[in-house]
Amino acid sequence: MKINKSLLRKSHFLGTKIRNLRKRNNLTMEDLSTRCIRVNPEYAPSVSYLSMIERGKRTPGIEMLEVIAEVFQKDLDWFLDGEDAGEDLTPQKGSRGGISGMALEPGFLFSNDILQIAIPEMLSQTGTSGKQFAQLLIRAHQEHNQNHFPELERAAEEVGQKRMPLSVDELLAIAKRLGLKISWFDAAPKELLDELGVLSKNVSTSFFSPPNTLHLNSLLQAFPTRLKYELAVHIGHAVLHNKDGVKSSMTVGGAHDDELSSSSAVQPQDILHAWRDFESSFFAGALLCPKLPFRQLLDRSGYEISSHQQAGVSASVAMRRMTAVSPYTHWHYFDAYTPGKLKAVYRGNGIPLPWGNMRQVEDPCQHWAVFRMFDVEGVASSAQLSLLDVNGAPRIYCCESTKVADLAGNAHVLCAGIDLNPALLAQGVDADSMAAELKQLCVGSSGGAKVPKTIQTALTSVANILNINWVARSLQKPAQLICARGNSCPRKPSCYQCEGYSRTA
């Protein structure tokens, strides 16, 4: 009885604290209720009861408050101290991704007329094709919006009715309902040199021909998850672009698709094709992994990559969808076909790329997890904690990587990761000091160091709050110093100064 009276006496700011803590961690009331149910179904609050607690209309019992405290890794006394936490509980708007914004003066130099003249010249001098520029614009737009495109989500949910998993037959039925006629063709993979001079296999997998025929490579029948993705992409084209005849073809492999213009001139069709391909690809992910059921699956599985099997999709689709459906916004995703080339990139947290452009590099940092995984055999996936300087200060990143093979037989590595600094700051931890301490330990240990107990405790707490299992797993191995340029390696001695340098897993 004393406990309940004490709780009532100290609960003046309780609802406000819970609401601000929930919002700071980007959780909806449904998310928090679900997390509480996982901790203790008997005392977990319902969504409606949570709403009343936050509005001060109800006071939770000690048992219920203990469940909420467990979710947020807080001591019970923190909720009952009778003090309003004030500004430190005010949710902060996250970064929109990409590099930090800067004032560009004089402003008249960035007028539309001047940019129309300058951009083609810049592309010509840097050897950047119009298609690459279009993809860069789209990636910047994607990162600015933190991979959230509710209109595309709604369009996909209307078509798929939020069903998960969708079978091949169900997708074929949707395609038929939209008026698409399926035609199968045979084409074998061909060996080609990619832009880095590496031999890889490429194969045409599907294409659309007006007015309504979808051509599918018969090889897809042996790869149901890839078949489902390609069907979903073309369904996206049909729904979003009304089968208007704009080129819509898909290939698998490590070589560059040169069907679009390779000219440095910015051609209107390059922008249009690239944008529609992005829309349809995002639609496909939302159709195969609808936001609410997929988010619930990830929540149950602790964001394990293996959850893609339950969703009936490839690891690639599942990992890209993580960045869109997670309540935590600071994600990145890489798809590497060789240690010198990234085929796909998403940098919602603004993580620097491991080189100047996405196509060619002479000195990739060998310690990036997405590259280290190429040398690992017999391991399904691997977690890594990394320290990387951003704007002159170290940040703590964590990722999970997995090596897979595409339909053409090429090995490539998928990597999904997060920036941990915002999560640490949200819990009142001095993330900058922690990152600096961990970096110094790594510098003093030839680039890799065991994570100290105090930092392990803080990161384990964050892992539990984010509900991402591989963050905790990464702490079992040494943290690694990585860099965005091989010629600015922070290790002592530098990797590229070492005699007999080679990549090691």
Side-chain angles (χ1 to χ4, degrees), residues 26 28 30-31 34 97 135 138-139 141-178 180 205-206 208 214 224-243 246 248 250 273-301 303 305 307-329 331-333 335 344-348 414 416:
N26 295 309
T28 64
E30 290 81 2
D31 292 331
T34 300
Q135 292 171 333
I138 290 167
R139 197 182 79 217
H141 178 69
Q142 184 184 10
E143 292 168 358
H144 176 74
N145 287 279
Q146 293 184 310
N147 220 14
H148 293 156
F149 298 94
E151 297 86 359
L152 297 177
E153 297 273 2
R154 284 193 292 270
E157 289 174 357
E158 185 175 336
V159 170
Q161 300 297 304
K162 300 183 182 180
R163 290 173 291 169
M164 188 185 79
L166 283 170
S167 67
V168 170
D169 288 341
E170 287 171 324
L171 288 163
L172 287 170
I174 292 172
K176 183 178 181 180
R177 191 169 72 242
L178 292 170
L180 292 173
T205 47
S206 63
F208 173 79
L214 173 55
T225 58
R226 180 69 195 189
L227 174 56
K228 288 198 286 186
Y229 173 70
E230 302 228 356
L231 283 168
V233 168
H234 288 289
I235 288 169
H237 274 297
V239 170
L240 301 173
H241 312 135
N242 199 28
K243 303 191 294 289
V246 171
S248 171
M250 300 180 70
H273 292 167
W275 174 248
R276 291 191 168 184
D277 286 345
F278 164 73
E279 281 191 316
S280 299
S281 178
F282 189 95
F283 175 98
L287 177 63
L288 296 171
C289 300
K291 188 170 186 177
L292 183 58
F294 188 59
R295 189 166 169 170
Q296 291 172 340
L297 171 60
L298 292 174
D299 198 46
R300 292 194 301 271
S301 68
Y303 283 76
I305 294 175
S307 61
H308 76 88
Q309 297 168 351
Q310 294 167 267
V313 297
S314 67
S316 174
V317 170
M319 292 167 78
R320 279 186 286 135
R321 280 298 283 167
M322 285 180 187
T323 71
V325 308
S326 170
Y328 191 63
T329 55
W331 284 79
H332 59 266
Y333 169 80
D335 181 356
V345 169
Y346 169 68
R347 303 181 306 146
L414 309 171

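Worth knowing before you read on, the calculation uses all heavy atoms, side chains too, and leaves out hydrogens, waters and symmetry mates.
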Open item on the list: For Val317 and Thr225: C-alpha separation, side-chain torsions, deciding distance, then whether side-chain contact (heavy atoms from CB on, under 4.5 Å) applies.
Closed with: CA-CA 9 Å; Val317 170; Thr225 58; over 6 Å; no
TODO: May I ask you to test the Trp275-Ile138 pair for a side-chain heavy-atom distance under 4.5 Å?
DONE: yes
Open item on the list: For His237 and Glu279: C-alpha separation, side-chain torsions, deciding distance, then whether side-chain hydrogen bond (donor to acceptor under 3.5 Å, both in side chains) applies.
Closed with: CA-CA 8 Å; His237 274 297; Glu279 281 191 316; over 6 Å; no
TODO: Output the distance between atom CD (Gln309) and atom CG (Leu297), rounded to the nearest 0.5 Å.
DONE: 11.0 Å
TODO: Starting from the C-alpha separation in whole Å, work towards a yes-or-no answer on side-chain contact (heavy atoms from CB on, under 4.5 Å) for Tyr229 and Met250.
DONE: CA-CA 11 Å; Tyr229 173 70; Met250 300 180 70; 3.6 Å; yes
Task: Shortest non-hydrogen contact between Ala311 and Pro165, atoms and distance - done: O-CB, 3.2 Å
TODO: Kindly say whether Tyr346 contributes a backbone atom to a donor-acceptor pair with the side chain of His332 at under 3.5 angstrom?
DONE: no
Open item on the list: Students often mix this up, so state it plainly: with edges at 30° and 60°, are the rings of Phe149 and His141 parallel, tilted or perpendicular?
Closed with: tilted
Open item on the list: Can you list everything that forms a side chain to side chain contact (heavy atoms under 4.5 Å, CB included) with Ser326? Sequence neighbours excluded, please.
Closed with: Tyr303, Tyr328, Trp331
Task: Contact check, side chains of Leu171 and Leu287, non-hydrogen atoms, under 4.5 Å - done: yes
- [ ] Identify the heavy atoms of Leu298 and Ser307 that sit nearest to each other, and give their distance.
- [x] CD2-OG, 3.5 Å
- [ ] Could you go through the side-chain contact (heavy atoms from CB on, under 4.5 Å) check for Val233 and Glu230 one step at a time?
- [x] CA-CA 5 Å; Val233 168; Glu230 302 228 356; 5.6 Å; no
- [ ] Answer whether the closest heavy-atom distance between the side chains of Val325 and Cys289 falls below 4.5 Å.
- [x] no
Task: Under 3.5 Å side-chain donor-acceptor pair for Ser314 and His308 - done: no
Open item on the list: With a 3.5 Å distance limit and no angle check, can you tell me whether Glu170 reaches the backbone of Ser167 through a side-chain donor-acceptor pair?
Closed with: yes
TODO: Please report the shortest heavy-atom distance between Arg295 and Pro327, naming the atom on each side.
DONE: NH2-CB, 3.1 Å
Open item on the list: Give me the atom names and distance for the closest heavy-atom approach of Val239 to Val159.
Closed with: CG2-CG2, 3.8 Å
Task: Residue pair His234, Ser280: steps toward the side-chain hydrogen bond (donor to acceptor under 3.5 Å, both in side chains) verdict - done: CA-CA 7 Å; His234 288 289; Ser280 299; over 6 Å; no
Open item on the list: For the backbone of Leu288 and the side chain of Lys228, can you confirm whether one donor and one acceptor N or O come within less than 3.5 Å of each other?
Closed with: no
Task: Proximity of Phe278 and Phe283 rings by center, below 6.0 Å - done: no
TODO: Look only at the side chain of Gln146 and the backbone of Glu143, and say whether a donor-acceptor pair between them is shorter than 3.5 Å.
DONE: no
Open item on the list: Could you check whether any side-chain heavy atom of Arg347 comes within less than 4.5 Å of a side-chain heavy atom of Arg139, counting everything from C-beta outward?
Closed with: yes
Open item on the list: Checking the side chain of Ser281 only, and the main-chain atoms of Asp277 only, is there a donor and an acceptor separated by less than 3.5 Å?
Closed with: no
Open item on the list: Within the supplied structure, the quantity of interest is the number of heavy atoms (other residues, nucleotides, ligands) at a distance under 6.0 Å from Glu158 CD; does it exceed 12?
Closed with: no
TODO: Enter the distance from Thr323:OG1 to Asn147:CG here, rounded to the nearest 0.5 Å.
DONE: 4.0 Å
Task: Pair Phe282 and His148, ring centroids less than 6.0 Å apart - done: no
- [ ] Measure the CG-CD1 distance between Leu166 and Ile174 for me, rounded to the nearest 0.5 Å.
- [x] 5.5 Å
Open item on the list: Exactly one of Leu178, Leu240, Leu172 should register a side chain to side chain contact (heavy atoms under 4.5 Å, CB included) with Ile235. Which one does?
Closed with: Leu178
Task: Arg321/Glu153 salt bridge by N-O under 4.0 Å criterion - done: yes
Open item on the list: Using side-chain heavy atoms (C-beta onward) and a distance below 4.5 Å, is Thr205 in contact with Leu227?
Closed with: no
Task: Pair Asp31-Asn26, side-chain contact (heavy atoms from CB on, under 4.5 Å): steps then yes or no - done: CA-CA 9 Å; Asp31 292 331; Asn26 295 309; over 6 Å; no
- [ ] Hey, could you give me the NE2/CZ distance between His241 and Phe208, rounded to the nearest 0.5 Å?
- [x] 12.0 Å
